[in-house]
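Quick notes on the structure that follows.
Proteins come first, then strands; the chains are lettered A, B, ... in the order of their sequence lines, and each starts at number 1. Side chains are part of it too, since the values below use all heavy atoms of this structure and drop only hydrogens, waters and symmetry mates. Being a predicted model, the structure only gives us computed values, none of them experimental.
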2 protein chains.
Amino acid sequence: MEKQTITIYDVAREAGVSMATVSRVVNGNPNVKPETRKKVDDVIAKLDYHPNAVARGLASKRSTTIGVILPDVTNAFFASLARGIDDVAAMYKYNIIMENSDESIDRKLEVLENLLAKQVDGVIYMGNSIDDRLRDAFKNTKTPIVFAGSVDDKKAMPSVSIDYKEAVKNSISKLIETGNKKVAFVSGSIEEPVNGKYRLAGYKAALKDNKIKFDESLVFETARSYDAGIKIASEIASSKATAAYVSDDGIAAGVLNGLTDLGVKIPEDFEIISSNNTDITKMVRPQLSSVVQPMYDIGAVAMRLLTKLMNGEDVDERNIALPFEMVFRQSTKD
Amino acid sequence: MEKQTITIYDVAREAGVSMATVSRVVNGNPNVKPETRKKVDDVIAKLDYHPNAVARGLASKRSTTIGVILPDVTNAFFASLARGIDDVAAMYKYNIIMENSDESIDRKLEVLENLLAKQVDGVIYMGNSIDDRLRDAFKNTKTPIVFAGSVDDKKAMPSVSIDYKEAVKNSISKLIETGNKKVAFVSGSIEEPVNGKYRLAGYKAALKDNKIKFDESLVFETARSYDAGIKIASEIASSKATAAYVSDDGIAAGVLNGLTDLGVKIPEDFEIISSNNTDITKMVRPQLSSVVQPMYDIGAVAMRLLTKLMNGEDVDERNIALPFEMVFRQSTKD
DNA sequence: CTGTTAGCGCATTCAT
DNA sequence: ATGAATGCGCTAACAG
């Protein structure tokens with residue numbers, strides 16, 4: 001016995017109305033007499049009819065699904081954003097097609113193509129890196145796209161994030177204030193605008209404010225993982241730096257533990273400020289001081305922005321910077 | 001200028017062939033003369049034609065997307081499974097529609113309905129809880145469903161996981177071996193079969209093997225989060241237990257830190273074994289001993305199983321138990 | 001190897 | 001308030 005899919009046509013016949021009417025009640029169109037609506041609803045229940053979203057998508061040209069491109073769900077930062085996105089998406093009856101892109105541009109392009117082929121109504125991009133090919137691809141589609149947790153360095157795309165430059169500048173200034181002369185900047189790929197452009201600019205700005213000369217050897221680039229943090233700890237230790245700003249909590253935890261294992265006392269000998277305030281910052285000992293990004297909110301607001309764009313609504317602010325805070329725990333003095 | 005979507009028909013006309021032929025080259029059907037294939041490919045490139053997956057889905061009755069239902073991406077365990085799923089899905093050209101269900105059964109039902117309406121070709125379920133309504137819903141659809149990282153307590157659904165009972169039994173036995181008379185069992189909701197049925201059974205089995213009487217007051221049920229772990233630590237401390245098996249790394253980290261803050265020395269005064277061996281276990285100090293679940297593999301194998309089911313292939317083993325290991329770090333003696 | 005013909009299940013004019 | 005007709009873009013027999 002094959003799955004006898006029952007269609008809008010079946011209910012129409014059974015209810016003695018036209019399929020147009022059934023379509024109307026299913027879509028909540030008010031132009032239906034209450035009694036016919038009830039009749040149709042009854043048949044729908046009786047036949048256990050379920051609208052086919054694919055057919056609906058083809059006919060209406062709206063898929064009610066949005067694509068999400070992120071480097072890796074496994075990273076707490078991206079997962080939190082995704083959670084925010086998913087929650088407001090659900091609120092607006094959208095579904096999420098999620099794609100892990102890793103760091104490869106080719107993969108990102110492939111993934112975008114995929115999403116577009118599926119006729120997603122919009123996409124949210126959390127990849128941090130972006131090159132010209134990808135930018136062109138974004139530009140060549142009419143499908144709305146918003147960046148979440150990162151900013152296009154050309155500001156061409158709508159985005160929701162925090163002011164990364166300012167956040168880092170604050171962090172570094174704080175570190176300098178407590179007496180550190182040599183502060184390290186530890187981040188994921190410098191190729192990514194968030195790191196190479198905004199965060200690094202904040203770092204340099206703070207140095208300048210404090211009349212400290214920028215020292216290239218204090219900039220550490222690494223993979224975005226706990227193990228990578230552990231690994232780079234010894235390099236940092238031998239750099240003579242006495243403090244560091246780190247762009248990712250996983251990396252920061254690695255640096256913290258790596259340094260500690262090397263006999264470096266945190267925060268007495270070395271101070272650390274991390275970036276995302278995920279649970280990780282509270283799990284490690286000493287607990288990490290951190291920038292507080294409203295991750296969930298970034299995702300939620302990005303999704304909200306996207307709904308507006310998809311509806312063709314005017315949005316006055318296409319590049320939204322949410323407020324951030326700082327929390328000082330045990331990895332900083334004072 | 002509206003986005004003039006160009007269709008298979010445009011390509012056909014421009015290339016001087018029928019749409020059937022275009023469809024063939026797009027789908028890699030071998031029955032096309034190389035030269036016509038080339039001609040068509042050229043036109044496709046020239047017109048920048050992109051197949052519409054929705055239309056394709058409607059016509060072929062296959063959406064090449066699979067639905068994933070998980071409690072919360074934000075949990076490292078589920079995120080890791082999701083990663084495994086996504087990677088092999090990509091390998092087989094499937095896309096993932098991800099839905100966070102939290103713990104609510106109603107939400108799960110709603111989410112499943114959604115997925116089915118979108119005509120997903122299969123679904124992977126990682127929710128741990130399952131009640132009769134949900135079981136019925138699963139049973140009433142022809143869409144293949146596989147459980148990942150959890151087992152249907154009635155074994156009615158295909159699943160991929162580890163032998164949770166055995167894993168816990170090993171853990172508890174080890175704890176008893178090192179001299180602990182009172183070992184606590186700390187887990188997420190006991191309502192979930194993984195916890196209430198399998199894990200708890202392993203706990204009891206180990207007690208029985210060692211002729212220790214089961215003590216209800218040593219069973220702690222809590223939310224699945226770091227903060228919840230912190231909170232329950234004091235209760236555990238006053239229970240006189242000297243060791244604990246914990247079902248989630250986040251909870252375990254909370255218990256560990258909570259206990260430590262209470263002045264309890266780990267592992268001297270209290271031993272802990274956790275369950276998922278996520279990075280968390282290595283970030284905390286002392287590092288957590290843990291069951292090692294091949295999380296990524298569970299996801300990957302589950303997805304692979306699903307592809308077989310979707311192809312109607314025979315599978316001899318519908319309930320797969322992947323091997324697990326134990327890693328002993330600093331939260332256990334010896 | 002290639003073209004013709006039907007739908008897939010639904011939303012949407014346009015009439016009535 | 002309701003029905004009839006059309007087509008969304010593509011796959012899948014079936015011919016030839």
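When heavy atoms are screened at a 4.0 angstrom cut-off, A:V54 is found touching no nucleic acid atom at all. Among the atoms of the strands shown, none is found under 4.0 Å from any heavy atom of B:V26. Here A:N52 lies in heavy-atom contact (under 4.0 Å) with sugar-phosphate atoms only.
A salt bridge between A:K38 and A:D42 is present, with a side-chain N of the basic residue lying under 4.0 Å from a carboxylate O of the acidic one. A salt bridge links A:D10 to A:R13: at least one charged side-chain nitrogen sits closer than 4.0 Å to a carboxylate oxygen. Salt-bridge check for A:D106 with A:R133: passed, with a basic side-chain N closer than 4.0 Å to an acidic carboxylate O.
Atom CG of A:N27 is separated from atom C1' of C:dG9 by 13 Å (rounded to the nearest Å). Per the geometry, CG belonging to A:L116 stands 15 Å off P belonging to D:dG9, to the nearest Å. Atom CE in B:M19 sits about 12 Å away from atom P in C:dG3, given to the nearest Å. Atom pair A:N31:CG and D:dG3:P shows a separation of 13 Å (rounding to whole Å applied). One atom, CZ of B:R62, and another, C1' of D:dC10, lie 14 Å apart when rounded to the nearest Å. One interatomic measurement links the two molecules: CZ of B:R13 to P of D:dG9, which rounds to 13 Å at whole-angstrom precision. As rounded to whole Å, 14 Å separates atom P of C:dG7 from atom CG of B:L58. In this structure, the CZ atom of A:R37 is 10 Å from the P atom of D:dA1, given to the nearest Å.
Taking only side-chain nitrogens and oxygens, B:S23 never comes nearer than 4.0 Å to OP1 or OP2 of D:dC10. The phosphate of D:dG9 (OP1 or OP2) has a side-chain N or O of A:K61 nearer than 4.0 angstrom. Proximity of B:T5 to the phosphate of D:dG9: a side-chain N or O atom is located under 4.0 Å from OP1 or OP2. For B:T7 and D:dG9, the shortest distance from a side-chain N or O to OP1 or OP2 is not below 4.0 Å. OP1 or OP2 of C:dG9 has not a single side-chain nitrogen or oxygen of A:R56 nearer than 4.0 Å.
Mapping B:A59 and A:A59 onto DNA chain C by nearest heavy atom places B:A59 at the nucleotide closer to the 5' end. For B:T21 and A:A55, each mapped to the nucleotide of DNA chain C holding its nearest heavy atom, the one lying further toward the 5' end belongs to B:T21.
Nearest approach of B:L306 to B:I145, heavy atoms of both residues: CD1-N, 4.3 Å.
Set against C:dG3, C:dT12, D:dA1, the side chain of A:S60 has C:dT12 as its closest nucleotide. Comparing atom distances between the A:R24 side chain and each of C:dT4, C:dT2, D:dT2 picks out D:dT2 as nearest. Of the candidate nucleotides C:dC10, C:dT2, C:dT4, C:dC10 has the atom lying nearest to any side-chain atom of A:Y49. The side chain of B:I8 sits closest to D:dT11 out of D:dT11, C:dC10, C:dT2.
With A:N311 contributing its side chain and A:T307 its backbone, the two residues share a donor-acceptor pair below 3.5 Å.
Defined by atom type and a distance below 3.5 Å, a donor-acceptor pair is missing between the side-chain atoms of B:N100 and A:D87.
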Kindly determine whether B:R83 and A:D102 satisfy salt bridge (charged side-chain N to carboxylate O under 4.0 Å, His left out), including the steps that lead there.
CA-CA 11 Å; B:R83 195 48 158 108; A:D102 294 310; 2.3 Å; yes
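End-to-end axis angle for the helix from C:dC1-D:dG16 to C:dT16-D:dA1, using five pairs per end and rounding to 10°, comes out at 30°.
The aromatic rings of B:Y125 and B:F147 lie tilted to each other, with the angle between the two planes from 30° to 60°.
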